[in-house]
Amino acid sequence: MATARRFCRCACFCSQNLYVARYGLHLRFRDEQQLRRDYGPLLRSRGCVTAEDFQQLLEELEQEVGRRRRLGQESAARKALIASSYHPARPAVYKSLQDVALAPEFVAAAEYSASPGADLEVLLQRLEIVSEEKRIYRVPVFSVEFCQALLEELEHFEQSDMPKGRPNTMNNYGVLMHELGLDEPLVTPLRERFLQPLLALLYPECGGGQLDSHRAFVVKYALGQDLELGCHYDNAELTLNVALGKAFTGGALYFGGLFQAPAALMEPLEVDHVVGQGILHRGGQLHGARPLGTGERWNLVVWLRASAVRNRLCPMCCQKPELVDDEGFGDGFTREESAVVDVCALT
């Protein structure tokens with residue numbers, strides 16, 4: 001018998017952190033009685049006042065729970081259809097990640113981090129320290145030319161008749177990188193070759209050197225679509241957020257403290273976007289995005305996960321995860337499974 005790992009999600013995904021944008025709340029939801037008991041006064045203070053308001057909220061939550069339960073299966077079906085029927089505009093972006101697509105500063109920082117005797121203080125001299133207290137850093141990641149090519153491909157896909165999944169539970173517009181077929185050639189080598197050595201030095205206690213999965217998506221903000229993003233924390237140990245373009249005003253990121261901390265949003269720090277550059281932060285850092293003023297903003301977000309960390313404690317429900325089988329990387333949790341080895345095939 002051999003041991004294999006299977007990626008999973010935590011069962012809390014279908015009952016906790018359900019986002020209701022118009023009330024600006026993340027809710028737990030099991031049934032109507034629990035919702036009234038746990039959130040009745042808070043919901044009324046946010047404008048959920050009438051019986052019709054509550055009924056509409058109840059229906060929305062039930063629909064979202066159903067969507068989350070179907071998510072893995074439906075995502076796999078979309079990916080298969082895209083792989084068989086979609087014709088890219090920029091095929092070069094689907095080729096294995098080359099150094100030419102990356103900013104030289106990023107390559108140099110990753111190479112230094114992987115070298116024997118690499119030192120955190122020396123590495124920090126190669127990065128922009130956005131906040132020493134919050135441990136937020138900025139580094140050039142992609143060349144401007146690669147950002148442009150990737151954006152052209154993303155817009156081409158957006159305008160196609162291919163099915164599209166929501167990037168995450170808070171954004172409505174964007175692209176899931178694994179569904180488009182960009183996980184294997186782009187995001188996985190970015191994580192394994194470059195981000196892991198860098199983050200092993202920057203965030204060792206967060207599993208920076210043990211990253212074994214990710215969830216990557218592009219979010220789009222535009223007038224008449226998503227304009228801003230409410231305060232939240234990520235289902236990740238660490239996060240990379242890279243600005244791809246286009247021309248826009250507003251939309252700055254803002255950061256508070258860690259979500260476990262009291263008064264975590266006192267005096268938030270605002271950070272502007274720079275095309276091609278990435279912001280690195282801990283997944284548990286509260287953050288959001290200010291309203292877009294004009295134009296369109298596209299960002300690549302990579303949630304970086306370390307099963308060695310999250311298998312002990314789910315960052316979303318703050319309990320030992322109740323594992324549920326899922327497609328692909330799931331939500332980054334792993335379960336050891338016994339695999340039967342065909343001895344005849346080995347001889």
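These numbers come from the heavy atoms of this one structure, side chains and all, not from hydrogens, waters or symmetry mates. Because the structure is predicted, anything quoted here is derived from the model rather than measured.
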Enquirer: If we only count heavy atoms from C-beta on, is the V141 to V139 side-chain gap below 4.5 Å?
Expert: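 Yes - at least one pair of side-chain heavy atoms lies under 4.5 Å apart.
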Enquirer: Does the H281 side chain pair with the main chain of L238, one donor and one acceptor, at a distance under 3.5 Å?
Expert: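 Between the backbone of L238 and the side chain of H281 there is no qualifying donor-acceptor contact (under 3.5 Å).
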Enquirer: Measuring from H232:NE2 to N17:CG, what's the distance to the nearest 0.5 Å?
Expert: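 It comes to 11.0 Å.
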Enquirer: Enter the distance from C14:SG to R67:CZ here, rounded to the nearest 0.5 Å.
Expert: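 Between C14 SG and R67 CZ, I get 10.0 Å after rounding to 0.5 Å.
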Enquirer: Would you check if the distance from the ring center of F157 to the ring center of Y86 is below 6.0 Å?
Expert: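 F157 vs Y86: aromatic centres under 6.0 Å.
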Enquirer: In Å and rounded to the nearest 0.5 Å, what is the CD to OH distance from E60 to Y23?
Expert: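 Reported to 0.5 Å precision, the distance equals 7.5 Å.
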Enquirer: Determine yes or no for a side-chain-to-main-chain donor-acceptor pair under 3.5 angstrom, with D119 supplying the side chain and E121 the backbone.
Expert: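 Yes: the side chain of D119 pairs with the backbone of E121.
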Enquirer: Within the side chain of D31, is there an N or O that forms a donor-acceptor pair under 3.5 Å with the backbone of Q33?
Expert: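 Looks like yes, one N/O pair under 3.5 Å.
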Enquirer: Please confirm whether the backbone N or O of G47 pairs with a side-chain atom of R44, one donor and one acceptor, at under 3.5 Å?
Expert: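 Checked: no pair found.
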Enquirer: For A308, does its backbone N or O pair with a side-chain atom of Q210 as donor and acceptor, under 3.5 Å?
Expert: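 Flag not set: sc Q210 to bb A308 has no pair under 3.5 Å.
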Enquirer: State whether the side chain of K134 and the backbone N or O of V130 hold a donor-acceptor pair below 3.5 Å, judged by distance alone.
Expert: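 Not at all, since once roles are kept as given, no pair shorter than 3.5 Å links the two residues.
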Enquirer: How long is the gap from OG on S113 to CG on L198, to the nearest 0.5 Å?
Expert: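 Spacing of OG (S113) from CG (L198) equals 4.5 Å.
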Enquirer: Does either side chain, that of S75 or that of E327, offer a donor lying less than 3.5 Å from an acceptor on the other one?
Expert: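 Side-chain D/A pair, S75 to E327: absent.
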Enquirer: Donor-acceptor pair, distance only, cut-off 3.5 Å: does the side chain of Y39 make one with the backbone of R28?
Expert: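 Checking the backbone N and O of R28 against the side chain of Y39, a donor-acceptor pair under 3.5 Å is found.
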Enquirer: Testing V93, L300, V218, L244 for side-chain contact (heavy atoms from CB on, under 4.5 Å) with L151, which one passes?
Expert: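 It is L244, the one option of V93, L300, V218, L244 that forms the side-chain contact (heavy atoms from CB on, under 4.5 Å) with L151.
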Enquirer: Which value, rounded to the nearest 0.5 Å, describes the distance between R305 atom CZ and R310 atom CZ?
Expert: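 Reported to 0.5 Å precision, the distance equals 5.0 Å.
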Enquirer: To the nearest 0.5 angstrom, please state how far the OH atom of Y233 sits from the CE atom of M316.
Expert: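 These two atoms lie 4.5 Å from each other.
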Enquirer: So, does E322 use its side chain to make a donor-acceptor pair with the main chain of A11 at under 3.5 Å?
Expert: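 Such a contact is absent between E322 side chain and A11 backbone.
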